[in-house]
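Keep in mind that this is a model prediction, so the values were computed, not measured.
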Amino acid sequence: MNEYMQEIASSANNVLEVILTFYERKFNELCSVNPLFFRDLRKYSKVLDYIHDDRRRGDADALAYFQKGVEQGIFRSDINFQIINQAMAMQMDLLIYSDITDHYPLAEIYSEITILHMRGITTEKGYRMVDDFLKNIREKHTR
């Protein structure tokens with residue numbers, strides 16, 4: 001995933017393109033994951049510890065992306081991105097520790113959470129990009 005993200009970052013016009021490309025990849029992955037996988041993760045505390053540690057290691061990179069997005073006029077400057085980054089990371093915990101997947105498909109849960117986060121932290125310029133991106137993803141997956 002890190003290599004893939006570096007490749008995307010080297011050719012992207014702005015940080016939002018990189019982040020949205022990451023979200024699209026995660027969305028596509030979730031379309032093929034059995035929801036019971038996340039419930040089964042509850043049984044493996046060492047795996048969960050690894051997931052949380054890995055997430056913490058990526059925090060500085062994520063915060064740097066957000067700051068660069070502020071500089072590019074894509075993300076709002078009045079946002080505490082440390083809180084946003086933690087909230088976004090908690091998406092995985094939602095899938096693992098709740099029964100929401102009993103009621104909704106994984107891809108739909110992820111899409112709705114993404115809309116909530118991305119529309120809330122972006123400027124007008126940024127949320128237009130987010131809306132176009134999400135429209136394209138939905139069109140791809142309804143064909």
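Evaluation of the ring-ring contact (aromatic ring centres under 6.0 Å, His included) rule for Tyr65 yields no partner, not counting sequence neighbours. Partners of Phe38 according to the ring-ring contact (aromatic ring centres under 6.0 Å, His included) rule, which considers only residues two or more places apart in sequence or in another chain, do not exist here. Arg39 pairs by the salt bridge (charged side-chain N to carboxylate O under 4.0 Å, His left out) definition with Asp99, Asp102, not counting sequence neighbours. By the side-chain contact (heavy atoms from CB on, under 4.5 Å) test, Ile115 pairs with Ser111, Glu112, Arg119, Leu134, Arg138, sequence neighbours left out.
The side-chain heavy atoms of Met129 and Asn14, taken from C-beta on, include a pair separated by under 4.5 Å. Put simply, the side chain of His103 does not reach to within 4.5 Å of the side chain of Glu108, judged on heavy atoms. Proximity of Asp131 to Tyr127: side-chain heavy atoms (C-beta onward) are separated by under 4.5 Å at one or more points. With contacts defined as side-chain heavy-atom distances shorter than 4.5 Å, the pair Tyr23/Met118 qualifies.
Rounding to the nearest 0.5 angstrom, the gap separating the CG atom in Leu16 from the OG1 atom in Thr122 is 7.0 Å. The structure places CD1 of Ile8 at 9.5 Å from CD of Glu24, a figure rounded to the nearest 0.5 Å.
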Cut-off 3.5 Å, no hydrogens considered: what does the side-chain donor-acceptor table look like for residues 48-56, sequence neighbours left out?
residue, atom, partner, partner atom, Å
His52, ND1, Leu48, O, 2.8
His52, NE2, Arg55, NH2, 3.0
His52, NE2, Asp93, OD1, 3.0
Asp53, OD1, Arg56, NH2, 2.6
Asp54, OD1, Arg57, NH2, 3.4
Arg55, NH1, Ala89, O, 2.6

For residues 71-85, run the donor-acceptor check on the side chains, cut-off 3.5 Å, and write out each pair with its distance to 0.1 Å, sequence neighbours left out.
residue, atom, partner, partner atom, Å
Gln72, OE1, Val15, N, 3.0
Arg76, NE, Asp78, OD1, 3.0
Arg76, NH1, Gly120, O, 2.8
Arg76, NH2, Asp78, OD1, 3.3
Arg76, NH2, Asp78, OD2, 2.9
Asn80, OD1, Gln82, N, 3.1
Asn80, OD1, Ile83, N, 3.4
Asn85, ND2, Asp59, OD1, 2.9

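Cluster annotation: Leu116 is not connected to Phe22 through the hydrophobic network of ILVMFWY side chains, with a link wherever side-chain heavy atoms come within less than 4.5 Å.
Minimum interatomic distance between Leu20 and Val130 (heavy atoms only, all atoms of both residues): CD1-CA, 4.3 Å.
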* To do: Given salt bridge (charged side-chain N to carboxylate O under 4.0 Å, His left out), test Asp40 with Lys43 step by step and report yes or no.
  => CA-CA 6 Å; Asp40 286 348; Lys43 301 173 190 174; 3.5 Å; yes
